[in-house]
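Quick note: numbers below take in every heavy atom, side chains included, and nothing from hydrogens, waters or symmetry partners.
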Amino acid sequence: MAGATAMFPGRPCRILIVTTLGRPGYLRRAMEAGANGFVVKDTPARQLADAVRRVHAGLRVVDPTLAAESLATGASPLTDRETDVLRAARAGGTVADLAKELRLSEGTVRNHLSAAIGKTGARTRAEAVRLAESHGWLLR
């Protein structure tokens, strides 16, 4: 988004993100990066037009359902390293494979996986990946 503002120096640049990825983590990341609005693409045409006008006027616009979900979900409880381990675990592989990829010991990988599973409330590594992904916690 910094690139968008750099294209028009000295002129206000407002950004409205219209996306299919209506997840709390995506909303949080977009707003932290400077977006002025965030709506899902199936927003009715009148509401979308209103969102464009409101952002143009300098207001912030966020899909209300997504905003409520984002507040309920909260920020990611995962540490940076737990997030890295879950990202690597998306592709599957053994603990040894993950350890080699991340240049960590197998015990350290097991510890991070265990912590991530506990923090996400999952029962398995795959479920922890799925839950973290659905909350938008595995974004780069």
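Among pairs with a residue in residues 106-119, those fulfilling salt bridge (charged side-chain N to carboxylate O under 4.0 Å, His left out) read Glu82-Lys119, Glu106-Arg110, at least two apart in sequence or across chains.
The side chain to side chain contact (heavy atoms under 4.5 Å, CB included) search around Lys100 returns none, not counting sequence neighbours. Scored by the side chain to side chain contact (heavy atoms under 4.5 Å, CB included) test, Ser105 finds Thr108 as partners (sequence neighbours excluded). Arg54 pairs by the salt bridge (Lys or Arg N to Asp or Glu O under 4.0 Å) definition with nothing, not counting sequence neighbours. Every side chain to side chain contact (heavy atoms under 4.5 Å, CB included) that Thr94 has, sequence neighbours left out, goes to Ala96, Asp97. Scanning for side chain to side chain contact (heavy atoms under 4.5 Å, CB included) contacts around Glu127 gives Ala122, Arg123, Thr124, Arg130, Leu131, with sequence neighbours left out.
Formation of a donor-acceptor pair under 3.5 Å by the Arg81 side chain with backbone atoms of Val109 is not found in this model. For the pair Asn36 (side chain) and Ile15 (backbone), a donor-acceptor distance under 3.5 Å is present.
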Exercise. How far apart are the C-alpha atoms of Leu102 and Val85, what are their side-chain angles, what is the distance that settles it, and do they pass the side-chain contact (heavy atoms from CB on, under 4.5 Å) test?
Worked result: CA-CA 8 Å; Leu102 297 168; Val85 170; 3.6 Å; yes
For this session: Would you check, one step at a time, whether the test side-chain contact (heavy atoms from CB on, under 4.5 Å) holds for His135 with Leu78?
Result: CA-CA 12 Å; His135 289 326; Leu78 303 171; over 6 Å; no
For this session: Could you walk me through whether Glu69 and Leu27 pass the side-chain contact (heavy atoms from CB on, under 4.5 Å) test, one step at a time?
Result: CA-CA 10 Å; Glu69 187 180 338; Leu27 167 62; over 6 Å; no
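Clustering ILVMFWY residues whenever any of their side-chain heavy atoms sit less than 4.5 angstrom apart, transitively, puts Ile17 in a cluster other than the one holding Val39. Both Leu113 and Val129 are assigned to one and the same hydrophobic cluster, defined by single-linkage of ILVMFWY side chains at heavy-atom distances under 4.5 Å.
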